[in-house]
Amino acid sequence: MPTNVRRFDLEDNPGNGIDRGAKKNHRSLRTDYGQIHIAPAPEQFASEQMHDSYGRRIHYLRISLTDACNLRCVYCMPEQMAFQPRHELMTDEEILFLVKVGASLGVEKIRLTGGEPTIRPGVVDLVRNIAAIPGVQDLAMTTNALLLDRLAGPLAAAGLDRVNISIDTLDANKFHHITRWGHIDDLWRGIEAVEAAGLCPVKLNTVVIRGFNDGQDVVDLAGLTQERNWEVRFIEMMPFGQVSDFQQTNVVSYQEIRQTVEAEFGPLEEVSYDFVDPSRPFRIPGAKGTLGFISSVTEPFCQGCGRVRLTADGKLRLCLLRDDEVDLLTPMRGGASFEEMRSLMREGAFHKPWGHGLANGVFANNRAMNQIGG
Ligand code: SAM
């Protein structure tokens with residue numbers, strides 16, 4: 001338990017004024033794990049801004065819709081992964097409630113992730129309802145694209161603005177190997193559907209792993225941008241939990257990835273950007289699309305981070321690479337009011353750590369990536 005973050009749950013804060021029982025106007029929902037009481041959330045609300053103790057404005061919420069996935073990427077989770085029982089995960093009503101809480105505190109940008117967000121039942125309706133919340137200006141999703149063949153159109157119609165698609169190699173056999181179960185043809189069909197649905201610009205995310213895809217695969221992926229107006233983003237692998245040894249040993253730095261690309265295509269051209277996006281953009285001379293480098297490990301970009309995350313089990317995670325979390329699910333299920341939940345989120349975000357501690361040997365240990373949402 002980190003010392004700089006208060007835990008907000010009913011057990012630790014019995015005197016916090018939050019009542020487990022149903023209150024007048026609360027919506028009582030019968031679930032397979034009992035009755036829960038969710039306070040009413042207003043349809044309209046005044047919005048203020050929230051900041052952390054370093055003055056960074058927190059405006060971006062990434063939500064893990066499920067910890068489950070239809071793939072088992074070797075660097076992300078074990079093949080025999082045990083997922084959390086459904087009753088421990090947020091319901092649609094709870095997600096919408098917390099998005100409203102965030103929006104009332106100046107959250108403008110939402111990204112849905114997982115696990116694999118597209119496998120959540122009712123994901124299209126959930127997207128429609130999130131997109132309709134006042135203040136939500138940008139709604140994106142990170143996905144493996146396997147189900148986008150049939151979902152891209154409905155998701156776009158429901159209000160999704162963009163998708164980031166994860167792909168670590170163009171080689172079908174390697175793709176199957178790294179995802180343990182995946183077929184790359186499904187991903188290509190998904191990308192076609194994304195373009196047809198206008199979920200553009202297409203962004204591809206590649207985690208680079210030493211000895212696996214740090215050579216010709218990087219070159220082939222970068223080469224996609226020559227003829228397509230896509231952004232291919234290379235991500236340094238980040239160490240987490242029980243697989244952190246493997247991840248540390250096999251991290252490939254941004255500098256190395258860039259050298260590999262430049263050895264093939266020549267010096268990259270810089271592309272102007274807003275310094276908010278963690279991905280630094282470049283272009284192969286003459287290419288239609290761009291390349292991005294996300295150097296989370298070797299050159300962190302914590303000073304510009306305005307993100308917090310909501311895990312599928314309703315914890316506000318303050319930094320991807322630190323264990324600090326604030327329990328929002330328990331008080332919400334206990335009937336905390338909209339105002340009380342706003343205070344919990346605002347105060348939690350205030351305690352966002354400055355940055356990760358990888359350089360000092362501090363690793364996040366309490367969860368794997370699929371549980372946090374990348
Ligand atoms: N299933 C979706 C997908 O494949 O995009 C969303 C969840 S996945 C956890 C989100 C992103 O995290 C993917 O791009 C994945 O490659 C990346 N990722 C997983 N483990 C990682 C790690 N240790 N370091 C860096 N990125 C990682």
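Computed over heavy atoms, backbone and side chain alike; hydrogens, waters and symmetry mates excluded. Heads up: numbering here begins at 1 and tracks the sequence. Start at 1 and go down the list; that is how both ligands and their atoms are numbered.
The pair Arg111-Asp138 fails the salt-bridge criterion, with no side-chain N (NZ, NE, NH1 or NH2) lying under 4.0 Å from an Asp/Glu carboxylate O. The pair Glu270-Arg280 does not meet the salt-bridge criterion, since no charged nitrogen lies less than 4.0 angstrom from a carboxylate oxygen.
One finds the CG atom of Leu126 at 11.0 Å from the CG atom of Leu160 (value rounded to the nearest 0.5 Å). Atom CG in Leu89 sits 7.5 Å away from atom CZ in Arg120 (nearest 0.5 Å).
More than 12 heavy atoms of other residues, nucleotides or ligands sit less than 6.0 Å from atom CD of Glu48.
With a heavy-atom cut-off of 4.0 Å, Thr143 touches ligand 1 through its backbone alone. By the criterion of a heavy-atom distance under 4.0 Å, the side chain of Val207, and not its backbone, is placed next to ligand 1. With a 4.0 Å heavy-atom cut-off, ligand 1 is reached by the side chain of Thr113 but not by its N, CA, C or O.
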Practice item. Apply the test salt bridge (charged side-chain N to carboxylate O under 4.0 Å, His left out) to residues Glu231 and Arg233: give CA-CA distance (whole Å), side-chain angles for both, the deciding distance (0.1 Å), then the verdict. Key: CA-CA 6 Å; Glu231 182 179 342; Arg233 297 139 58 104; 3.7 Å; yes
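For ligand 1, the polar-atom distance check finds no N/O of Glu236 at less than 3.5 Å from any of the ligand's N/O atoms. Geometrically, ligand 1 and Glu116 share a nitrogen or oxygen pair separated by less than 3.5 Å. For a threshold of 3.5 Å applied to N or O pairs, the pair formed by Met238 and ligand 1 contains at least one separation below that value.
Of the listed options Ser166, Cys73, Cys76, Gly115, Gly115 places a heavy atom closest to atom 1 (N) of ligand 1.
Every atom of ligand 1 with a heavy atom of Asn144 under 4.0 Å away is listed here by number and element: 2 (C), 3 (C), 4 (O), 5 (O).
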